[in-house]
Amino acid sequence: MYGIKAIVSKELSRVFKDKKMVMSLFILPVILVVGIFSLMGMLIKGQIDDVQAHEPIVYIVNEPESFESFARAAGISGYTVLSDQDKDAFDTAKAGLYDASTDLIMTFPDDFEKLVMTGMDNIDSIATPEIEFFYNPSEDYSSEARDIYMSYLDTYKQMLLGNRFGNYAAVEMFSVNDNLVQDEDKAVGKMLGTMLPYFITMLIFAGAMGLGVDMIAGEKERGTLATMLLSPVKREQIVLGKVFSLSILAVMSAAVYIISMLIALPMLIKNIGGSDALSGMSINFTGIQIAQMIILMIGVVLLYVSIICMVAVFARNVKEASSYISPVYILVIVAGLITMYTSADGVFYKYLIPVYGSSMAFKDILTREITMPNFLGTTISTYLFAVILVVVMTKAFNSEKVMFNA
Amino acid sequence: MIEIRNLTKIYKLSSGQMKKLKTKNSRKVAVDNISFEAKKGEILGLLGPNGAGKTTTLRCIATLLKPTDGTVVVDGHDTVREPEAVRASIGFLTNEIKLDPQFSARYLFDFFGRLHQVPEDKLKQRREELFSYFGIDGFEDKKIEELSTGMKQKAAIAVSLVHDPDIVIFDEPTSGLDIITARSVTDYLLELKKKGKLVIVSTHIMSEAEKLCDRLIVIIDGKKTAEGTLRDIYDETGKDNLEDAFFELYRVNHKEDR
């Protein structure tokens with residue numbers, strides 16, 4: 001144990017005594033995350049405000065009388081009426097869709113008024129008239145104008161239906177009213193469960209990758225690992241010392257990211273006017289949930305850190321280690337993505353698969369669907385794989401081929 | 001004491017290494033059936049050209065490499081069966097093994113002291129003694145990367161001796177040092193001998209070997225070609241200085257393109 005203790009304290013002081021390291025690992029991420037999120041919020045808000053403030057440029061061809069009176073009653077104004085005889089004006093307006101000098105053209109057919117005004121007596125002769133929309137979906141103003149006028153037309157349609165049948169309610173037949181009956185904690189847990197395992201995977205890997213490569217492959221390259229190999233400390237103590245110190249640093253750097261996101265995310269959502277989405281959101285964890293998460297989390301961190309250390313041990317130098325670690329990182333990210341969109345459905349053996357199983361278990365813990373056998377299965381499997389990697393690394397530390405390229 | 005019996009070390013070369021060495025042989029015999037003994041209270045010199053197998057031999061003693069054949073016993077402990085016990089009794093220094101550049105000499109001295117389980121009061125006493133002998137005491141809180149070459153080497157020597165080992169193995173300890181620093185290192189080795197320690201040094205500097213070593217072992221192409229005191233080696237070769245004697249041994253024993 002004395003060896004592990006001495007090595008952990010050395011590795012930690014390597015990071016914490018170095019101002020640049022502290023800056024890049026713990027302070028820069030906060031500034032970056034909060035900065036990026038605020039910037040994003042400001043830009044999105046600016047864009048939304050801009051679109052909303054914009055007065056849409058709309059042309060209506062062949063405007064029927066009923067629409068005119070509807071628009072007057074509803075206070076809709078700001079569109080230009082064109083006659084269907086005026087081909088030139090129509091072409092100019094249509095060309096304007098390309099350069100955003102026009103946002104929307106709405107064309108009513110000639111017989112529109114006649115068709116919509118036909119009463120119940122001649123019901124067999126009724127055909128559906130077609131209103132043509134011309135808009136440019138790659139222009140925000142144009143899309144927005146279309147959405148606005150579509151909603152006007154909906155109301156207009158209801159008015160016409162009311163006219164034809166005397167009572168709109170008779171036509172609508174029925175409406176649906178949603179009543180949400182759900183366990184709030186479970187709902188929020190489900191949402192968190194989709195994102196959290198993926199984020200944790202990404203953050204722990206990202207935080208530990210550079211440090212782990214330097215801590216092992218870097219020391220090997222600089223010849224400082226050999227100095228440690230000359231001490232009477234057993235190799236497994238050196239391996240464990242490295243794994244533990246890297247785990248501590250990985251958790252700290254992931255925590256920094258998560259805390260800064262927790263600060264920045266509500267700011268972002270508030271900025272873009274979605275604060276309603278946050279109002280009902282809260283989650284309460286039970287003691288068992290917290291205990292399960294901590295136990296599993298430690299195992300997951302040890303496993304990920306061991307994977308990184310393993311790659312660094314077998315690489316001959318930092319360059320090699322960095323190039324080996326990138327595909328591993330991508331694989332882990334892909335595995336994380338898969339877990340976002342799949343579910344283990346409580347099938348026991350799926351919880352035994354490393355990385356995947358623990359992510360699934362995280363989801364289930366958050367939604368309170370985990371069973372004890374599944375939890376134990378995934379925990380034991382995660383710790384077991386970490387132990388296997390540590391044993392392999394210890395073997396590698398004893399190998400002169402791996403340590404000295406001999 | 002150290003007993004080496006029929007030590008042989010063969011490296012298996014990868015195809016890349018074979019290309020680099022321009023050989024088609026996938027085996028490289030670095031040390032070929034070497035046997036010798038070294039006792040406490042003597043300075044034993046390993047003499048040989050670059051690539052002769054000196055460093056490999058020393059690394060086998062230090063448990064960093066495992067012999068392909070033969071045995072190495074240090075203070076009664078076999079290097080393969082009880083590597084931790086062997087490492088506890090030796091202090092080892094070589095050029096390729098370095099101190100962490102980001103830490104101060106004092107931090108590393110204490111760190112390795114802890115790995116060797118030196119008690120805190122003893123550790124403090126050792127640090128004061130060694131740092132003042134090698135003149136590191138003014139620089140002990142500077143990072144290794146900020147030290148001069150000579151100061152780095154002296155710090156490395158101090159760290160390798162933190163646990164007051166009975167056996168000291170130094171691989172070319174004066175290489176890259178100026179005369180004054182080199183002299184303080186060789187003087188310290190003589191002092192260690194006086195205290196009854198066993199010192200093994202490898203060198204290719206003849207004058208150093210002449211002045212320092214009680215006995216010499218000449219290694220050429222992985223084979224032991226001579227062993228004995230300076231006088232024994234002069235007698236064997238019929239020369240009156242080490243440089244001529246060494247050339248004579250090299251001429252007789254070295255075969256081109258083995």
Side-chain angles (χ1 to χ4, degrees), chain A residues 1-22 211 214-216 218-242 245 314 316-318 320 394-406, chain B residues 9-14 16-17 28 30 55-56 58-68 77 80 82-104 107-108 110-118 143-145 155-156 159-160 162-163 165 169:
Chain A
M1 276 310 283
Y2 66 93
I4 299 177
K5 210 179 121 199
I7 291 166
V8 169
S9 107
K10 174 169 173 253
E11 294 300 342
L12 293 184
S13 64
R14 180 204 299 281
V15 170
F16 288 108
K17 277 188 185 163
D18 190 336
K19 281 190 197 113
K20 282 183 206 147
M21 284 275 235
V22 173
L211 285 172
D214 183 71
M215 206 179 264
I216 296 180
E219 283 223 37
K220 216 159 112 177
E221 194 175 343
R222 290 192 293 270
T224 52
L225 192 60
T227 319
M228 216 181 302
L229 294 177
L230 277 168
S231 73
V233 173
K234 284 195 178 291
R235 294 337 191 200
E236 48 264 41
Q237 291 207 25
I238 301 180
V239 173
L240 286 175
K242 297 273 181 191
S245 40
F314 283 96
R316 265 178 294 191
N317 49 47
V318 173
E320 223 178 82
T394 307
K395 285 247 186 298
F397 264 69
N398 274 313
S399 154
E400 55 192 53
K401 188 111 201 148
V402 177
M403 282 296 117
F404 301 103
N405 302 327
Chain B
K9 180 68 193 174
I10 299 171
Y11 293 121
K12 284 196 190 74
L13 301 180
S14 66
Q17 288 168 316
K28 182 177 185 315
T55 301
T56 301
L58 296 183
R59 286 184 163 202
C60 284
I61 301 173
T63 77
L64 294 180
L65 298 177
K66 290 184 187 72
T68 311
H77 305 290
V80 177
E82 303 165 89
E84 284 88 14
V86 172
R87 288 199 289 268
S89 62
I90 62 169
F92 185 77
L93 183 79
T94 170
N95 277 327
E96 296 89 66
I97 296 178
K98 297 196 177 75
L99 294 180
D100 229 314
Q102 297 149 314
F103 287 95
S104 68
Y107 187 96
L108 289 173
D110 291 354
F111 171 70
F112 284 104
R114 271 174 216 124
L115 291 189
H116 279 283
Q117 291 183 286
V118 179
K143 284 182 183 173
I144 297 291
E145 62 191 355
V159 168
S160 72
V162 58
H163 53 303
I169 302 170

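Values in this document were obtained by computation on a predicted structure and should not be read as measured data. Below, chains carry the letters A, B, ... as their sequence lines are ordered, and counting in each starts from 1.
- Remark: A:Lys17 engages A:Ser13, B:Tyr107 in a side chain to side chain contact (heavy atoms under 4.5 Å, CB included) (not counting sequence neighbours).
- In this structure, the side chains of A:Phe397 and A:Thr394 stay at 4.5 Å or more apart for every pair of heavy atoms.
- The salt bridge (charged side-chain N to carboxylate O under 4.0 Å, His left out) check on A:Lys234 picks up B:Glu84, with sequence neighbours excluded.
- Contact annotation for B:Phe92: both backbone and side-chain heavy atoms come within less than 4.5 Å of a heavy atom of chain A.
- Listed options A:Gly3, A:Ala226, A:Ser231 were ranked by heavy-atom pairs under 4.5 angstrom with chain B; first place goes to A:Ser231.
- Contact annotation for B:Leu108: only side-chain heavy atoms (C-beta onward) come within less than 4.5 Å of a heavy atom of chain A.
- Nearest heavy-atom pair across B:His163 and B:Ala88 is CD2-O, 3.2 Å.
- Per-residue counts of heavy-atom pairs under 4.5 Å with chain A were compared for B:Lys28, B:His116, B:Arg114; the largest is that of B:His116.
- Taking CD1 from B:Ile90 and CG from B:Leu93, the interatomic distance works out to 11.5 Å, rounded to the nearest 0.5 Å.
- The most heavy-atom pairs under 4.5 Å with chain B, out of A:Leu225, A:Asp18, A:Thr227, come from A:Thr227.
- Heavy-atom pairs under 4.5 Å with chain A were tallied for B:Leu64, B:Leu13, B:Asp110, B:Val162; the largest tally goes to B:Leu64.
- Taking the side chain as every heavy atom from C-beta outward, A:Val233 and A:Tyr2 approach each other to under 4.5 Å.
- Proximity to chain B involves both the backbone and the side chain of A:Ile7, based on heavy atoms less than 4.5 angstrom apart.
- In this structure, chain B has a heavy atom under 4.5 Å from the side chain of A:Glu219, while its backbone stays farther away.
- Note on B:Gln117, B:Arg59, B:Arg87: by heavy-atom pairs under 4.5 Å with chain A, the leading option is B:Arg87.
- With hydrogens and angles ignored, the 3.5 Å screen pairs no side-chain donor or acceptor of A:Glu400 with any backbone N or O of B:Leu65.
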